[in-house]
Peer 1: 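Below is one structure. I have some questions about it.
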Number of protein chains: 2
Amino acid sequence: MNVNAKLFMALSNQTRLNILQWLKDPEKEITSVSSEEVRYMMKEKGGICVADIAENAGLAQSTISKYLSDLHNCGLLISERHGKWTYYRRNEENIQELSKYIAKEL
Amino acid sequence: MNVNAKLFMALSNQTRLNILQWLKDPEKEITSVSSEEVRYMMKEKGGICVADIAENAGLAQSTISKYLSDLHNCGLLISERHGKWTYYRRNEENIQELSKYIAKEL
DNA sequence: TTGACATTTCGATGATTCGCGATACGATGA
DNA sequence: TCATCGTATCGCGAATCATCGAAATGTCAA
C-alpha cells in the first residue's frame with residue numbers, strides 16, 4: 001500500500017470514517033437491511049453493497065459510490081462485483097500496514 | 001489524543017507530512033541552518049523554530065505558521081515558546097497512540 | 001433486443017482548503 | 001517608551017472537496 005497525503009485525505013471525512021467503522025461489524029451497524037441479509041452478503045458476496053451503505057449514511061447513492069471508490073483507490077477497502085452489485089469490505093491487511101507505517105515511518 | 005477527521009485532515013497535505021518527516025531527524029533534514037544550530041535548538045529549546053521550517057519548505061512564513069499550528073492542535077507536534085521564538089517538535093507519544101488507534105479502532 | 005435495476009460518471013453549486021501578503025500581537029533591547 | 005523582530009492572524013483569490021440530481025454504463029432476465 002502507498003501511504004501518502006491522498007490516503008489521509010480519504011480518512012479526513014466523518015462519513016468515510018463511519019463507513020470503515022460500520023464495516024467492522026456490519027451485522028450490527030448496517031441497520032437498513034436485516035442482519036440475516038447482512039450476514040449473507042458478507043459471507044457469500046464478500047461485503048456490503050453500495051445502496052445499503054448509502055441508506056445507512058443518509059446521503060445520495062452517487063456520493064457514497066464516490067466515497068467507496070476513494071476508499072478503495074487508496075487501499076482501505078476491497079471491492080468485489082457480483083452481477084449488478086458491487087460489494088465492499090475492509091482491507092484489514094492494509095489497515096494494519098498503515099498502523100505500522102505510522103509507528104515507524106511517519 | 002483525539003483521533004478524528006480533523007487529525008487526518010492535518011496529515012492530508014504533503015508539506016505537513018514533510019514537516020513531520022523533517023522533525024524526525026532535523027539535523028540532517030533542516031538544511032537552512034547549520035547542523036550545530038539545529039542540534040542546539042533541539043537540545044536547548046526543544047524544537048525547530050517557525051522561520052527555519054518555512055525556509056526549508058520554501059513556503060511563506062504565514063503558511064507554515066498555520067500548518068504548524070494545525071499539527072499542534074491535533075496533537076502531532078509539541079510547541080514551546082522561548083521569547084520571540086516558537087519551537088516545534090514531534091509528539092512521539094501521540095504518534096504511537098495514533099498507530100495503535102488505527103490498528104485496533106479504525 | 002429490450003427493460004429494469006445497481007452502480008458509476010458527469011455537471012453544477014456551495015463549502016473548504018491552499019498559499020500569499022498585509023497586518024496585529026508579543027517579546028526584547030535600546 | 002519605542003523600534004525591531006519572530007510569530008500568529010486576517011482577508012483574499014485560486015484550487016479542491018462535498019453533495020446533489022441527471023445521465024451513462026453495465027448486467028441480468030424476459
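Keep in mind that the numbers below use all heavy atoms, side chains included, and drop hydrogens, waters and symmetry copies. Each chain gets a letter, A, B and so on, in the order the sequences are listed, and its residues count up from 1.
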Peer 1: Quick one: label B/T63 by what it contacts on the DNA or RNA (base, sugar-phosphate, nothing), any heavy atom closer than 4.0 Å.
Peer 2: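 Here B/T63 touches the bases of the nucleic acid.
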
Peer 1: Under 4.5 Å between side-chain heavy atoms, counting indirect links through other Ile/Leu/Val/Met/Phe/Trp/Tyr residues: same cluster for A/L11 and A/L106 or not?
Peer 2: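 Shared cluster, yes.
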
Peer 1: Please examine the side chains of A/M41 and A/V33, heavy atoms only from C-beta on, and report whether any two atoms are closer than 4.5 Å.
Peer 2: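 Side chain of A/V33 against side chain of A/M41, heavy atoms only: contact under 4.5 Å found.
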
Peer 1: Within this structure, what is the CG-to-C1' distance between B/L59 and C/dT17, rounded to whole angstrom?
Peer 2: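 About 14 Å, once rounded to whole Å.
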
Peer 1: Report yes if some heavy atom in the side chain of A/L77 is under 4.5 Å from a heavy atom in the side chain of A/L20; otherwise report no.
Peer 2: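 In short, these two side chains touch, coming nearer than 4.5 Å.
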
Peer 1: List the protein contact pattern of nucleotides 22-28 of chain C with one symbol per nucleotide (5' to 3'): B for base contact, S for sugar-phosphate-only contact, - for none; contact means a heavy-atom distance under 4.0 Å.
Peer 2: B---BSS

Peer 1: Does anything in residues 39-52 of chain B reach DNA chain D, meaning a heavy atom under 4.0 Å, and if so which residues?
Peer 2: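 Contacting residues: B/C49, B/V50, B/A51.
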
Peer 1: Does A/E97 have any salt bridge (charged side-chain N to carboxylate O under 4.0 Å, His left out) partners at least two apart in sequence or in another chain, and if so, which?
Peer 2: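 In terms of salt bridge (charged side-chain N to carboxylate O under 4.0 Å, His left out), with neighbours along the sequence ignored, A/E97 is linked to no residue.
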
Peer 1: Between C/dT7 atom P and A/E55 atom CD, what is the distance in whole Å?
Peer 2: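 Spelled out: CD on A/E55 to P on C/dT7 is 12 Å.
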
Peer 1: Among all residues two or more places apart in sequence or in another chain, which pass the salt bridge (charged side-chain N to carboxylate O under 4.0 Å, His left out) test with A/E92?
Peer 2: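 Expected list: A/R90.
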
Peer 1: To the nearest Å, give me how far apart CD1 (B/I64) and P (D/dG6) are.
Peer 2: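 To the nearest whole Å, that distance equals 17 Å.
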
Peer 1: Would you kindly give the CG-to-P distance between A/L71 and D/dC17, to the nearest whole Å?
Peer 2: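 Rounded to whole Å, this separation is 14 Å.
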
Peer 1: Taking only side-chain N and O atoms of A/Y88, does any of them lie within less than 4.0 angstrom of OP1 or OP2 on C/dT7?
Peer 2: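 For C/dT7, neither OP1 nor OP2 has a side-chain N or O of A/Y88 closer than 4.0 Å.
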
Peer 1: Output, in order, the C-alpha distance, side-chain angles, deciding distance and verdict of side-chain hydrogen bond (donor to acceptor under 3.5 Å, both in side chains) for B/S99 and A/S99.
Peer 2: CA-CA 5 Å; B/S99 165; A/S99 165; 3.1 Å; yes

Peer 1: With sugar-phosphate meaning primed atoms plus P, OP1 and OP2, does A/Y87 contact a base, only sugar-phosphate, or nothing at under 4.0 Å between heavy atoms?
Peer 2: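 Nothing, no nucleic acid heavy atom in range.
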
Peer 1: For A/K66 and for B/T86, find the nucleotide of DNA chain D with the closest heavy atom, then tell me which residue's nucleotide is more 5'.
Peer 2: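 So the residue in question is B/T86.
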
Peer 1: By the salt bridge (Lys or Arg N to Asp or Glu O under 4.0 Å) test, which pairs, at least two apart or in different chains, include something from residues 58-81 of chain A?
Peer 2: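 Residue pairs passing salt bridge (Lys or Arg N to Asp or Glu O under 4.0 Å), neighbours aside: A/K66-A/D70, A/E80-A/R89.
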
Peer 1: Tell me, which of residues 7-23 of chain B have any heavy atom that sits under 4.0 Å from an atom in DNA chain C?
Peer 2: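 Contacting residues: B/M9, B/N13, B/R16.
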
